[in-house]
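Just so it is clear, the structure is predicted and the values come from calculations on it, not from any experiment. Throughout, a chain's letter reflects where its sequence line sits, starting with A, and its residues are numbered from 1.
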Amino acid sequence: MPELPEVELVTRFLRSLVCGQRIVRAELVRARLAPHSTPEEFAGALSGTQIKLVARRGKHILFSLDNDRTLVTHLRMSGRFMLLNSDDENPRFTHAVFHFQDGVRLVFQDQRHFGFMRIARTTEIADLPEVKKLAPEPLSDEFSVEYLRASLRASNRAIKEFLIDQSRVCGLGNIYAAEALFLAQVHPSKRTSTLSRQRTALLHQAIREIITEAIDAGSTLNADPSDSDSAYYGGEYERYWRVYAREGLPCVECGAAIKRLKQAGRSTFYCPKCQKR
DNA sequence: ACCCTCACCTGCACGC
DNA sequence: TGCGTGCAGGTGAGGG
C-alpha cells in the first residue's frame with residue numbers, strides 16, 4: 001500500500017507517539033519478519049532500549065535506539081503499525097510487538113507477510129544493501145534536474161518502470177509514478193533516454209509536486225496509523241488520484257477515457273490524449 | 001550491467 | 001452460495 005507520502009505520514013505519527021518511549025519488552029511473533037536475527041536476538045537487542053528518533057529513508061522507517069542500534073522496517077504492501085492498549089487484543093497477522101510502559105504497545109501487523117525488519121548498528125545503516133542502493137530523496141537538493149537527466153540517459157527502459165525503480169528515483173510506487181507521468185504529460189511507455197531536457201525538468205517538478213501534494217493532503221486528513229478509522233487506511237486518498245485506478249473514466253484535463261496498460265506485470269493508467277510518447 | 005519474470009502471502013471482486 | 005481466476009499500492013532473487 002504505502003509509497004513515500006504514506007510512509008512519511010506514518011513516520012510522523014510514530015515519531016509523535018513513540019519517540020522517547022522505552023521498549024520494556026519486544027516480541028518477534030513471526031520469525032521471518034526479521035530474517036537476519038533469531039527471535040531471541042531480536043527481543044534481546046530491543047528490550048530495555050529507548051527510542052530516540054524515528055526517521056524515514058525511501059519507504060523504510062528507521063527507529064534509532066539508545067544502544068547504538070537502529071531498527072530498520074519496511075511496510076511493503078500491507079504492513080501497518082498500531083498503538084494498542086492492554087485491553088486490546090493483538091489483531092490477526094501480528095508479526096512483532098513492542099511493549100512500552102503502562103501496558104501500551106506498538107504492534108506490527110501485516111496481512112500479506114511481505115514486511116521486513118532488521119536491526120543494525122546505527123553507524124552502518126547507510127551501508128545496508130537495501131539502503132545503499134536507494135536514489136537520493138526526491139525532495140532533497142541532491143535530487144536535481146541534472147541528477148534525473150543523467151539517470152534517465154543512463155537507461156533506456158520504459159519511463160514508468162524507471163520511476164518505480166528505487167535505485168533511480170526513490171519513494172515512488174505504482175500509483176505516484178502514474179500520477180507524476182500524468183502531471184508531466186509523458187506517456188508511460190516512453191523510453192527514458194528520449195526525454196527532452198525540457199520534459200525532464202517538467203517531470204522533475206511533477207515528481208516533487210505529486211509527493212508534496214499527497215503528504216499535505218494526508219496531514220489534513222486523518223492519517224493516524226493507530227486509528228482504525230484512519231482516512232489513510234480507509235481509502236480517502238483515492239479522491240486525489242487523477243489517473244490511477246480510473247480506467248474508462250474521463251480524464252480530469254481533457255475528458256478522454258483513461259487507459260490501462262500492463263508494464264512488467266503491473267497496471268499503469270494514463271490519458272491517451274494528454275500523455276505523449 | 002541491464003532487463004524481465006517470478007515468488008513471497010492473503011483477501012477480495014468478479015464471472016460462471 | 002460456492003468455486004475458480006485474476007488482481008492488489010513492494011521488492012529481491014535468479015535467469016537470460
If you check the A:Lys262 side chain, which of C:dC7, B:dT10, B:dC9 turns out closest?
C:dC7
Any strand is fair game: report the nucleotide pairing with C:dG15 by Watson-Crick or G-U wobble, both distances under 3.5 Å, or none.
B:dC3
Counter-base of C:dA8, judged by Watson-Crick or G-U geometry with both distances under 3.5 Å:
B:dT10
Side chain of A:Phe114 (C-beta onward), nearest among B:dG11, C:dA8, B:dC9:
B:dC9
Could you check which of C:dG9, B:dT10, B:dG11 has an atom nearest any side-chain atom of A:His113?
B:dT10
Please state whether the base of C:dA8 and the side chain of A:Arg112 form at least one donor-acceptor pair under 3.5 Å?
yes
In this structure, how many angstroms lie between the P atom of C:dT11 and the CG atom of A:Leu172, rounded?
11 Å
What are the atom names and distances for every N/O pair under 3.5 Å that joins the protein to nucleotides 2-6 of chain B?
residue : atom : partner  : partner atom : Å
B:dC3   : OP1  : A:Asn156 : N            : 3.4
B:dC3   : OP2  : A:Arg157 : NE           : 3.4
B:dC4   : OP2  : A:Glu161 : OE1          : 3.0

A:Tyr244 side chain N/O closer than 4.0 Å to the phosphate oxygens (OP1, OP2) of C:dG9?
yes
Atom CE of A:Met77 and atom P of C:dG12: how far apart are they, to the nearest Å?
14 Å
Are A:Arg266 and C:dC7 close enough that a side-chain N or O sits under 4.0 Å from OP1 or OP2?
no
With respect to the phosphate group of C:dT11, does any side-chain polar atom (N or O) of A:His74 fall under 4.0 Å of OP1 or OP2?
yes
Quote, to the nearest angstrom, the P distance that separates C:dT5 from B:dA7.
16 Å
Can you measure A:Leu75 atom CG to C:dG9 atom C1' for me and round it to whole angstrom units?
12 Å
So A:Arg157 and A:Asp165, salt bridge (charged side-chain N to carboxylate O under 4.0 Å, His left out) or not? Walk me through it.
CA-CA 11 Å; A:Arg157 305 158 75 181; A:Asp165 180 343; 2.9 Å; yes
Between C:dG10 (P) and A:Leu4 (CG): distance, integer Å
12 Å
Separation of C:dG10 P from A:Ile61 CD1 (nearest whole Å):
14 Å
Under a 4.5 Å cut-off applied to non-hydrogen side-chain atoms, are A:Leu261 and A:His187 in contact?
yes
Spacing of the P atoms in C:dT11 and B:dG11 (rounded, Å)
22 Å
Whole-Å distance, A:Phe116 CZ to C:dG10 P, equals 17 Å
Derivation of the salt bridge (charged side-chain N to carboxylate O under 4.0 Å, His left out) call for A:Arg56 and A:Glu137:
CA-CA 10 Å; A:Arg56 180 189 59 74; A:Glu137 283 294 316; 2.9 Å; yes
Given the C1' atoms of C:dG6 and B:dC6, what is the spacing between them in whole Å?
16 Å
Is the shortest side-chain N/O distance from A:Gln166 to OP1 or OP2 of C:dG10 below 4.0 Å?
no
Checking the side chain of A:Gln50 only, and the main-chain atoms of A:Gly20 only, is there a donor and an acceptor separated by less than 3.5 Å?
yes
Are A:Lys133 and C:dT11 close enough that a side-chain N or O sits under 4.0 Å from OP1 or OP2?
no
Ring centre gap for A:Phe98 and A:Phe81 strictly below 6.0 Å
no
Ignoring hydrogens and angles, state whether a donor on the side chain of A:Thr49 or A:Asp66 is under 3.5 Å from an acceptor on the partner side chain.
no
Does the side chain of A:Ser78 get closer than 4.0 angstrom to OP1 or OP2 of C:dG10 through an N or O atom?
no
Look only at the side chain of A:Arg208 and the backbone of A:Pro138, and say whether a donor-acceptor pair between them is shorter than 3.5 Å.
yes
Suppose you measure atom P in B:dC9 against the same atom in C:dC3; what distance do you get, rounded to whole Å?
24 Å
Check A:Phe269, A:Tyr176, A:Phe182 against A:Tyr244 for a ring-ring contact (aromatic ring centres under 6.0 Å, His included) and give me the one that passes.
A:Phe269
Could you please spell out the steps behind the salt bridge (charged side-chain N to carboxylate O under 4.0 Å, His left out) verdict for A:Glu161 and A:Arg266?
CA-CA 9 Å; A:Glu161 295 173 38; A:Arg266 332 234 359 227; over 6 Å; no
Using a cut-off of 4.0 Å on non-hydrogen atoms, how would the nucleic acid contact of A:Phe93 be classed: base, sugar-phosphate, or nothing?
sugar-phosphate
To the nearest angstrom, the CZ-C1' distance between A:Arg76 and C:dA13 comes to 11 Å
Can you tell me how far P of B:dG11 sits from CG of A:Asp110, to the nearest Å?
12 Å
